[in-house]
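Taking it in order: structure first as structure tokens, then the write-up.
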Amino acid sequence: MTAQELVQEAFNRLATRSGYDNRSDQVQLALTLSDLIGEKTSGIFEAPTGLGKSLAALIPAIANAIASNKRTVIATYTNVLAEQYWRKDLPLALSLFDDHCETAFLIGRQRYACLVGMDEAMPREVEYLQRNMELGTESEFRRFVPKNDRELNQLWQKVQTPPVCPARACPVYDDCFYYNARKKLEKAKVVITNHSVVIQDALGTDVELEREGMLFAYDYLVIDEAHDFPAAAINGLEFEISSPRLASLVGVATRLENLVDSLAVRAGEGGDWHRATDKFRNEIQKSVVSLGLLSQQVQQSGIVGVSPPEVDEHPAVQQMSAKDQVTHVEAIAEKVRLACELHSHEVGTRLERYRAEVQGPEGRTIYESSRNYISYIRDFAVGAGELSHPTGTSVSYIGLNRSEAILRRDLIDLKETLQPLLWDRVAYACLSATLQIDGDFEHFERTTGVRPLFKEILPSPYDFSTQCALYLPKGDKIPDPTTSRGGDMEQIYYHAIAQELSEMIETLGGRTLALFHSRKEMEGVRQYMKVSDDLPILMQGRGGIATVGEQFKKNTFSSLFALRSFWTGFDAPGETCSCVALVRIPFEVPVEPSVVARMAYLSQQGLDPFKHHSLPNAKMIMRQGAGRLIRSNNDKGVIALLDPRLRTKRYGEEILANFPQEIRVFDDFVDAAGWVGLG
Ligand code: SF4
């Protein structure tokens, strides 16, 4: 059978399962993807919530594996979503085929437990882990560790797989969770992973040297939740010098020292070997001290270097320049670079010598494992060099984590890096429920550099004309947030928002998710809220978000005030979420050095940063926030847009044009709720 026939047959079988109907758009998406995988053609799709895009991606991937041996990697943003693919959607998709298809799952190495670490930390638990944690991942660990057991919870830091390890030279390599997961990859035809693994794999792949990355060569890449891919790429491609990173670097050098110790002793150089590592530790320790001194001197983040250099002349970059600290930053980065370069060179040379003197399988295994450590230290040298002298399109800056200075290098333009790294190397399909803006993919294409041949915006399976109403408060009910900064005006603004939200919550009997742009604003509004005692308002705290989200879902009478992490990915179907209030247009405030440099770079390219960065991002985030409301065919509710600029500014019209046009608009909340049968 051809892949197309297999896809069609899988959907016919799915339709016979209870609870599943064939949705024509889902089948159409799967058939198109199947063609694209077969022809290795790149595509981009907006596939709205409720369409069932996980199955629409998995079924053609499996069909092409069976029909033509194609190997597909499916990557989503978070580990939670990747596990959902692996544990829930993939078994269902596989059950729709007669033929076997080899599959595998891989997330970042630090999400796996290291058996050596476990053994050192709490030996009894190793056995427990091996018995109960098939994958040995952090999520499985969390399932068996009681939530309130702080001591056990902190253990994860100690037992997670380190950034580099002896791998094959490890005595428990055969049982290792992480390496077993990687071993399964080679044979797998469908691989489930996350965005950052895709980036790491791409960094480790060298086509010219015929070096394969950790995912091995694959035919097709499906990127789900593609709107989050730029964030994952920026994180995956950053470089940072901070106290924890330097401590981790010293840890790597020490593990390398211990690994090679037996070879050095046998070669008669035990003492020299330890002295070499001591010297390296001392040099890095001096950098830790310098970083500490810098922390005492800087009160705010500042840019120390930008590439291309013309961007440096932009007034916003000049204003944020940490000119007086450039010499310090360069000195720290240079010291780290030099120490790493010298140490990796020295241990590399010694290792070659020991290898010649100590033959046999044990010597060989140690030699091979040591190469991983040496590459890690050498890569650190390269990163430190780029931090002190940024190249390509990047910015180096001093950031502050609490009061500790961190030195960081971020990309300010992704396309230059991603095109050779990924897009030119492999065919791909980008999928997301919110990827187009103003009816096309121009913004995503321009920021990421994707060049798909096929583009499609699929319609939503929901009927927004009856399931949803849009509430826009009348003219002067709420002051303009930009003219209400500080003092009495700010309090008047908070009070007006609180009054609106209080009325909405009273009308609906709770059931409201209010999404804020900043904690200050959320707390400012909360103090003026006046609702009945039996309608609790939950607030997103500074800790984990899962608990408060679960509380909101369980208690239908509750409302939730939340921040950025709830604008995307939060799923609360049913009546518990009958209103989503977007308090303010989420324009990114350019306070982060990387954002300032990114905007300056756009200016330098002749583009308007507001039009080409802030506004499209705000449109996208507004759509994502509003998307929390209708999550099933039975859901109904009101989207409340409380920012008056949506009525008064020209860009307000543009933002509103990105909401489904069939939604009826009201300027009275009770009328809006009544229209959808609530209140
Ligand atoms: S191979 Fe590495 S990660 Fe696995 S158990 Fe050994 S040291 Fe830990």
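These numbers come from a predicted model, not from an experiment. All ligand and atom numbering here is 1-based and tracks the order in the structure.
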Compute whether any side-chain donor of one residue and acceptor of the other, for R281 and T254, lie under 3.5 angstrom apart. yes
Relative to the ring of H343, is the ring of F280 parallel (under 30°), tilted (30 to 60°) or perpendicular (over 60°)? parallel
Parallel, tilted or perpendicular: which fits the ring planes of W273 and Y354, with parallel below 30° and perpendicular above 60°? perpendicular
Protein N/O/S atoms under 2.8 Å of atom 6 (Fe) of ligand 1? C170 SG
State whether the number of non-hydrogen atoms from other residues, nucleotides or ligands found under 6.0 Å of E352 atom CD is greater than 12. yes
If you draw a 6.0 Å radius around NZ in K183, do more than 12 non-hydrogen atoms from other residues or ligands fall strictly inside? yes
Taking the ring centre of each residue, are F380 and F239 less than 6.0 Å apart? yes
